[in-house]
Each structure stands twice: as structure tokens, then as C-alpha cells.
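Below, each value reflects all heavy atoms present in this structure, side chains not excepted, and no hydrogens, waters or symmetry copies.
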Amino acid sequence: MGTAPIEDGAHATLGVLGAGAWGTALAITMARSGRRVVLWGSDEARMARLAHERAHTAALPGIRFPDNLEIENDLERVCRTAAGLMLAVPSGGFRTLLRVITPLCDEATTVAWATKGLESGTHKRLSEIHSEARPGRPAALLTGPTFAREIAAGLPAAMTIASQDPVVAETVASWVRSERLRVYTSDDVIGAEIGGAVKNVLAIAAGISDGLGFGANARAALITRGLAELLRLGAAVGGRAETLIGLSGVGDLVLTCTDDLSRNRRVGLALAGGRSLGDILGELGQAAEGVASAREVYALAREHRVDMPITEQVCQVLFAGRSPQAAVTALLNRDPRTEADPATA
């Protein structure tokens with residue numbers, strides 16, 4: 001028998017903070033369950049457009065908002081009235097948003113987030129930031145192989161809700177679970193967070209490989225050896241291997257490395273084509289978390305003395321001016337290893 005969710009009422013109000021593609025897709029999904037859902041965003045012009053069009057036409061074309069999905073630009077009003085909040089902002093804004101909403105929320109408010117990445121400058125996991133902002137209060141994160149457009153369209157998918165509190169995990173799972181969306185719960189918050197951060201970095205590497213025309217063999221090898229990096233780092237910081245070979249690890253890794261809906265993969269493709277990172281990000285118009293995460297993942301790896309050569313070369317391309325071709329050469333010319341060696345790539 002599963003753990004009973006926190007009793008917040010079948011039609012309790014839920015708030016989604018962050019009106020990008022992912023936050024909007026989650027708000028649509030949550031509203032389809034019949035709950036009243038309020039979507040908040042900081043861009044007043046965008047929120048007015050969403051309210052008028054009843055759709056996010058730029059990011060999720062052809063998908064209308066359910067009638068019970070409301071648009072709001074008053075953050076305090078959302079926090080005061082919602083029984084649960086789902087944060088869907090880029091990792092760079094996560095701490096600031098938590099700092100703002102904490103005094104506005106009731107202590108009983110269930111908080112979850114759908115952001116993947118590490119904090120810039122500290123390489124802290126988002127759960128660590130949450131514990132600092134709301135000490136002693138349980139929370140959950142949503143992760144797994146999911147693209148916003150497909151979730152909003154109601155296509156079949158699976159995801160994981162991770163929390164150290166099984167009741168909170170099941171509560172948040174109930175917000176998004178449907179006939180088309182299978183939701184698993186986990187108590188391995190560390191593993192789920194590391195999987196979500198590292199896979200975006202490896203997706204940039206996969207995009208570079210494909211952009212250079214290296215083919216399916218190279219892509220498969222890169223994903224496999226990238227998984228080895230992910231497992232090493234996960235073990236070093238306290239994550240579990242079974243989490244990282246599940247949806248929040250392998251599942252998300254395969255998705256973001258192989259499909260062009262992945263913004264991080266598209267960054268790699270464009271880098272391989274000789275474009276500058278600034279131009280790529282400007283044209284993308286949305287956060288590519290792998291860019292910010294690459295430096296932090298590598299710093300975390302060095303702190304724990306974990307060998308992550310693919311991640312290292314992604315950092316060299318992004319921040320040190322190394323050409324994609326030179327990065328590939330550096331990887332291929334590494335000293336021979338046995339595949340079973342747990343410490344090296």
C-alpha cells in the first residue's frame with residue numbers, strides 16, 4: 001500500500017512559479033486533474049499575453065489552457081492561497097525565489113521544484129539551498145526524462161518525485177499523476193539531483209559529437225562513458241546507483257543526448273558549427289542549464305577527486321576557448337584503461 005498523501009483537498013489550489021515552457025507545461029498538467037492551478041511569472045508582459053491568449057503560443061503552440069488554470073502576476077497572492085507550490089525557474093534564480101516566498105508561505109505549504117542544476121559559484125544542490133532557506137521543512141523535486149512540449153500535449157511519459165519524506169513525495173506525485181503520466185517516488189534526493197544536473201552537461205557533449213558528424217557509434221560511446229562519470233560522481237556525494245540507472249539518471253541522459261528538443265543538445269550542435277556561446281544562448285531565448293551546470297559539476301567533481309573527462313572537455317569548450325575538435329582529440333588520446341576500472345573513464 002502506498003503512503004497516503006497530505007490532506008490538502010481534491011480541489012485545493014496549487015501554484016506554479018515560473019511561466020517558461022516547463023512551468024507552463026506542468027501547470028497545464030496539474031490543472032487537468034481538476035484542481036485550481038495558478039501560474040505565476042515575473043514578466044508582466046508575458047503574463048498578460050498568456051492570460052489574453054489562454055495559451056503559451058511561443059513555447060507550446062496549439063495547446064490551450066484548461067479553464068481552471070489561472071494566470072497571476074501577484075506572487076504574494078499565490079503564496080498566501082496555495083496549498084502547494086511547484087517552482088520551475090532556472091537554477092540561477094532558485095535561491096532568490098525561495099528567499100522571497102518563504103515569509104509569504106504558511107509553514108504547512110508543500111514546496112516542490114522542477115529545476116535541474118547546481119547553484120553557480122557554490123555547486124550546491126537545490127535541496128541544500130532549500131534546507132538553508134526553509135530549515136526543517138520537507139520538500140520534493142520533480143525529475144526524469146520529460147520535454148515540456150510532450151508533457152503539455154499529454155503524450156505518455158514517466159517521471160520521478162524525490163523527497164526524504166515519503167508522504168511529501170506521494171503528495172507531489174498526486175499533483176501530476178494521470179493516465180498518461182506515470183509517476184514514481186524515491187527517497188534518494190541526492191541521486192535524483194546529480195542525475196538532473198550532469199545529464200545536461202553530457203547533452204552538450206552529445207550535440208558537439210553529432211554536430212561534428214561523428215555518427216551513432218560515437219554518440220552511443222559518449223552516452224555510455226558519460227554514464228560512468230555520472231555514477232562516479234553520484235557515489236562520491238552520496239547518491240545511489242539504482243537511482244542513476246533509473247529515470248532521473250539514464251532515462252534523462254538518453255533523452256537529452258538524442259533528441260533535438262533538448263536545448264543543451266542544441267547548444268552542442270551549434271558549438272560544433274563554429275558559433276559563439278553568446279550568440280547561441282541569445283538565439284535560444286531560454287535557459288540551457290547545462291552551460292551553467294558544467295562549471296559547477298566539474299568543480300564538485302574536483303572537490304571529491306572524481307575523474308570526469310567528458311565534463312572537463314565540455315568546460316574547456318564553453319569557457320576556455322578550446323575548439324570542439326581539440327576537445328574530441330583530447331578525449332580519444334587519453335591513456336588506455338580497462339572498462340571495469342571504477343575510478344577512471
Side-chain angles (χ1 to χ4, degrees), residues 116 144-150 155 157 194-234 244-277 279-281 283-284 286 288-291 293-295 297-298 301 306-342 344-345:
K116 300 172 183 177
T146 46
F147 284 142
R149 190 175 302 177
E150 294 187 5
L155 297 179
I194 291 299
V198 176
K199 62 93 182 183
N200 283 328
V201 181
L202 297 173
I204 295 175
I208 289 173
S209 177
D210 283 351
L212 292 174
F214 289 160
N217 291 345
R219 186 193 314 122
L222 188 148
I223 292 172
T224 305
R225 297 313 303 164
L227 175 60
E229 294 192 12
L230 173 56
L231 288 168
R232 286 197 297 275
L233 183 61
L244 296 173
I245 62 172
L247 292 170
S248 55
V250 170
D252 216 353
L253 176 64
V254 171
L255 180 74
T256 53
C257 286
T258 60
D259 194 287
D260 288 347
L261 280 178
S262 165
R263 293 191 293 272
N264 295 288
R265 175 179 160 79
R266 296 205 306 271
V267 168
L269 289 168
L271 287 169
R275 301 190 58 197
S276 72
L277 181 60
D279 286 347
I280 295 166
L281 296 180
E283 184 177 295
L284 205 58
Q286 302 179 63
E289 288 284 4
V291 175
S293 292
R295 201 193 305 266
V297 167
Y298 188 52
V306 175
D307 193 30
M308 297 187 73
I310 299 173
T311 300
E312 179 183 4
Q313 292 305 318
V314 170
C315 286
Q316 288 292 317
V317 172
L318 290 174
F319 310 120
R322 177 168 289 178
S323 73
Q325 294 86 348
V328 172
T329 299
L331 286 172
L332 292 176
N333 288 337
R334 286 170 56 81
D335 292 340
R337 303 284 197 274
T338 63
E339 187 175 25
D341 188 337
T344 58

Pairwise distance CG(Leu233) to OG1(Thr311) - rounded to 0.5 angstrom: 8.0 Å
Heavy-atom pair of closest approach, residues Arg232 and Pro309: NH2-CD, 4.1 Å
If you look at every heavy atom in Leu318 and Ala294, which pair is closest and at what distance? CD1-CB, 3.8 Å
Leu261 and Asp259: which non-hydrogen atoms are nearest, and at how many Å? N-OD1, 2.8 Å
Using the rule given for side-chain contact (heavy atoms from CB on, under 4.5 Å), can you reason through Glu150 versus Leu255, listing the C-alpha separation, both sets of side-chain angles and the distance that settles it, and then say yes or no? CA-CA 12 Å; Glu150 294 187 5; Leu255 180 74; 5.8 Å; no
Derivation of the side-chain contact (heavy atoms from CB on, under 4.5 Å) call for Leu331 and Arg225: CA-CA 11 Å; Leu331 286 172; Arg225 297 313 303 164; over 6 Å; no
Per the side chain to side chain contact (heavy atoms under 4.5 Å, CB included) rule, which among Leu244, Val306, Val250 passes with Leu231? Leu244
Has the side chain of Lys116 got a donor or acceptor atom that lies under 3.5 Å from a matching backbone atom of Gly144? yes
Using a 6.0 Å cut-off, check whether atom CZ of Arg219 has over 12 heavy atoms from anything other than its own residue. yes
If you define the side chain from C-beta out and look only at heavy atoms, does anything of Val267 sit under 4.5 Å from Leu277? yes
Here the gap from Leu230 atom CG to Ile223 atom CD1, rounded to the nearest 0.5 Å, amounts to 12.5 Å
Looking only at heavy atoms, the pair that brings Ala205 and Ile310 closest together is CB-CG2, 3.7 Å
Shortest non-hydrogen pair, Gln313 vs Arg322, comes out as OE1-NH1, 2.7 Å
Start with the C-alpha gap between Val198 and Glu229, add the side-chain angles, then the distance that decides, and say whether side-chain contact (heavy atoms from CB on, under 4.5 Å) holds. CA-CA 9 Å; Val198 176; Glu229 294 192 12; 5.6 Å; no
With side chain to side chain contact (heavy atoms under 4.5 Å, CB included) as the test, pick out the partner of Val291 among Leu281, Asn200, Ile280, Leu284. Leu281
For Asn264 and Thr256, what are the C-alpha separation, side-chain angles and deciding distance, and is it a side-chain contact (heavy atoms from CB on, under 4.5 Å)? CA-CA 7 Å; Asn264 295 288; Thr256 53; 5.6 Å; no
Would you call Arg266-Asp260 a salt bridge at under 4.0 Å N-O? no
Using a 3.5 Å distance criterion without hydrogens, assess whether the side chain of Arg265 forms a donor-acceptor pair with backbone atoms of Cys257. yes
Within the distance-only criterion (no hydrogens, no angle test), does the side chain of Thr224 pair as donor or acceptor with the backbone N or O of Ala220 below 3.5 angstrom? yes
Minimal heavy-atom distance between Leu253 and Lys199, with the atoms involved, is CA-CB, 3.9 Å
Can you tell me how far CG of Leu222 sits from CG of Leu227, rounded to the nearest 0.5 angstrom? 11.5 Å
Calculate, to the nearest 0.5 Å, the distance between atoms OG and CG belonging to Ser293 and Leu202 respectively. 11.0 Å
